[in-house]
Structures are given as structure tokens and as C-alpha cells.
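Okay, structure first, notes after.
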Amino acid sequence: MTFSDRKRHWLSVGIRWSLAVIILGVSWGLISAAFATDTITRSFYFSLFALGLLILSVLLLLPEALTVVSAPIHAIADSVFFPRAQSPKPGLDYFRRLIDSFRAQERWDDLADICEEMLRSYPAEPIPYLELVKIYGDSSEDARELARIWRKARKHLSEHDLQQLEADVEPQPEPSEHPN
């Protein structure tokens, strides 16, 4: 929802609620006038018109009021009919963009966190393993984490992806100046 759409929505809500309050005031005035009239017929018509205005004001307030009133009922119904429902996992593109962004900003802790989250959602995806091995491979303090990542990679990755990961991580020998 863009800013102009939100602005238009809240303008619509404001106009409808203002009209509903004005109509409720007119309805209240008509009900008071109905009790002050001397004939039953006139009183009946005033009351009927006031009831119609009251219904109109409720209809103007209904869209926002229903969402507020129905939210708890909706949550209870969801928990009864879908007890194990989870929110959908984010897409691969979302994770890849975050990984690229965190790497560019050198936010290594955030990069490790998002890679761990990606591994929970997509354990067979090789990208987070590569990033985590690069992060934990630089420090001897993180040897236990590095071993955990390799175990998980061996468990979830295909043989081809695992070989590619090992090739990407292992330092490549530099070419010598003298061919032998």
C-alpha cells in the first residue's frame, strides 16, 4: 500500500466516521422530537426516520468496526481449525538480498543470523553454508561452529553442492612462476 493509497484510505475513513457522527446526532434529535410531538402518527414517522438514520450510521462505521471485533474470533477459529499453522517462510530472493546487503555493509553478526535463519527454512540451499564457513573459518575461536556447519552441510547438501562448497572454501594454490 503506497503512501497515497493510505492517505486516501484514512481520508475515506475520516469522512465516513464524521458523517456517521453527524447522522447519529440528527437521529438523536429526531428521537427527542418524536417524544415531544403531540400525535402518535407524527411520533411514529419521526422514530422510523431516526431508526433509518441510525442504521445508516452503523453501516458507515461497519468496515472498521468489523475488523476490530472479528480479529479475536478469527484468531480462535484459526487456532481450532489450523492448530499447527505457521506463517509462510520468506522466499529465497529475500534471503539472498539480505545476505548481499549484510556482506556489503560488513555486518557479519547479522549475516550469520540471517544465514542461520535461511538454513532453518531452506536446509538444502548451499549459499548460507558458504557464507557461514567464510565467517567462521577466519577465526580459531569459532571452530566448534564451523564443525557444526560442515556436519549440517554434509547432511543436507547434494554431493555436487558439497564438492562445490569445498572447492569455494579451500584456498586455491597460486600458480608458480616456473613451470615444471
Side-chain angles (χ1 to χ4, degrees), residues 1-17 58-180:
M1 187 178 246
T2 64
F3 177 73
S4 61
D5 290 339
R6 282 188 298 225
K7 187 177 174 183
R8 193 174 313 123
H9 170 73
W10 286 111
L11 182 63
S12 168
V13 169
I15 290 171
R16 280 189 288 118
W17 280 60
V58 167
L59 289 176
L60 287 171
L61 298 174
L62 202 59
E64 287 77 31
L66 276 181
T67 57
V68 172
V69 171
S70 67
I73 298 167
H74 182 69
I76 291 170
D78 279 352
S79 67
V80 168
F81 293 110
F82 308 108
R84 294 190 182 136
Q86 298 176 352
S87 60
K89 61 184 177 181
L92 283 172
D93 289 337
Y94 166 78
F95 284 118
R96 288 178 180 147
R97 281 182 280 158
L98 276 178
I99 287 172
D100 292 340
S101 173
F102 289 156
R103 189 183 328 107
Q105 298 171 15
E106 297 181 359
R107 294 170 53 187
W108 307 119
D109 291 337
D110 293 333
L111 179 61
D113 291 342
I114 201 66
C115 286
E116 291 287 348
E117 185 179 338
M118 186 175 179
L119 287 178
R120 283 190 292 276
S121 298
Y122 300 97
E125 184 66 29
I127 293 171
Y129 294 106
L130 176 63
E131 294 296 332
L132 287 171
V133 166
K134 286 179 182 177
I135 291 170
Y136 295 134
D138 294 338
S139 171
S140 60
E141 299 169 1
D142 296 323
R144 182 175 287 158
E145 282 295 315
L146 186 60
R148 181 184 66 82
I149 296 300
W150 276 110
R151 276 193 309 272
K152 195 169 187 174
R154 287 184 188 99
K155 179 180 176 184
H156 292 288
L157 290 181
S158 68
E159 189 64 36
H160 176 265
D161 288 339
L162 192 57
Q163 289 173 353
Q164 188 67 35
L165 178 65
E166 290 171 349
D168 288 344
V169 171
E170 290 179 8
Q172 301 294 326
E174 294 188 23
S176 63
E177 294 178 13
H178 305 290
N180 291 350

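Nothing fancy with the numbering, it's 1 onward along the sequence.
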Can you tell me how far the [atom1] atom of [X] sits from the [atom2] atom of [Y], to the nearest 0.5 Å?
| X | Y | atom1 | atom2 | answer |
| --- | --- | --- | --- | --- |
| Arg16 | Leu62 | CZ | CG | 9.5 Å |
| Trp17 | Leu60 | CH2 | CG | 10.5 Å |
| Asp93 | Leu98 | CG | CG | 11.0 Å |
| Leu132 | Leu146 | CG | CG | 9.5 Å |

- Query: Does the Ser12 side chain pair with the main chain of Arg8, one donor and one acceptor, at a distance under 3.5 Å?
  - Reply: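 Answer holds: no.
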- Query: Is the backbone N or O of Asp161 less than 3.5 Å from a side-chain atom of Ser158, with the two atoms forming a donor-acceptor pair by type?
  - Reply: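 Yes: the side chain of Ser158 pairs with the backbone of Asp161.
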- Query: Does the distance from a Lys or Arg side-chain N to an Asp or Glu carboxylate O, for Arg97 and Asp100, drop under 4.0 Å?
  - Reply: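 No, no charged N to carboxylate O under 4.0 Å.
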- Message: I want to check something: taking the side chain as every heavy atom from C-beta on, are Arg103 and Ile99 in contact at a cut-off of under 4.5 Å?
- Response: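 They are in side-chain contact.
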- Between Lys155 and Arg151, is any pair of side-chain heavy atoms under 4.5 Å apart?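 Heavy-atom side-chain distance check fails, nothing below 4.5 Å.
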- Measure across Leu165 and Ala153 and return the closest heavy-atom pair with its distance rounded to 0.1 Å.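 Smallest interatomic distance, heavy atoms only, reads CD2-CB, 4.1 Å.
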- Item | Minimal non-hydrogen separation, Leu157 against Leu162, with atom names |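 Shortest heavy-atom separation between Leu157 and Leu162 comes out as CB-N, 4.3 Å.
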- Please lay out, stage by stage, how Val133 and Trp150 fare under the test side chain to side chain contact (heavy atoms under 4.5 Å, CB included). CA-CA 8 Å; Val133 166; Trp150 276 110; 3.9 Å; yes
- Under the side chain to side chain donor-acceptor pair (under 3.5 Å) rule, collect the residues that match up with His156, sequence neighbours excluded.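 So His156 forms no side chain to side chain donor-acceptor pair (under 3.5 Å) with any residue.
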Under 3.5 Å, sequence neighbours excluded: what are the donor-acceptor pairs made by side chains of residues 108-126?
{"from": "Asp110", "atom 1": "OD2", "to": "Arg107", "atom 2": "NE", "distance (Å)": "2.8"}
{"from": "Asp110", "atom 1": "OD2", "to": "Arg107", "atom 2": "NH2", "distance (Å)": "2.7"}
{"from": "Glu116", "atom 1": "OE1", "to": "Arg148", "atom 2": "NH2", "distance (Å)": "3.4"}
{"from": "Glu116", "atom 1": "OE2", "to": "Arg148", "atom 2": "NH2", "distance (Å)": "2.5"}
{"from": "Tyr122", "atom 1": "OH", "to": "Pro90", "atom 2": "O", "distance (Å)": "2.8"}
{"from": "Glu125", "atom 1": "OE2", "to": "Arg96", "atom 2": "NH2", "distance (Å)": "2.9"}

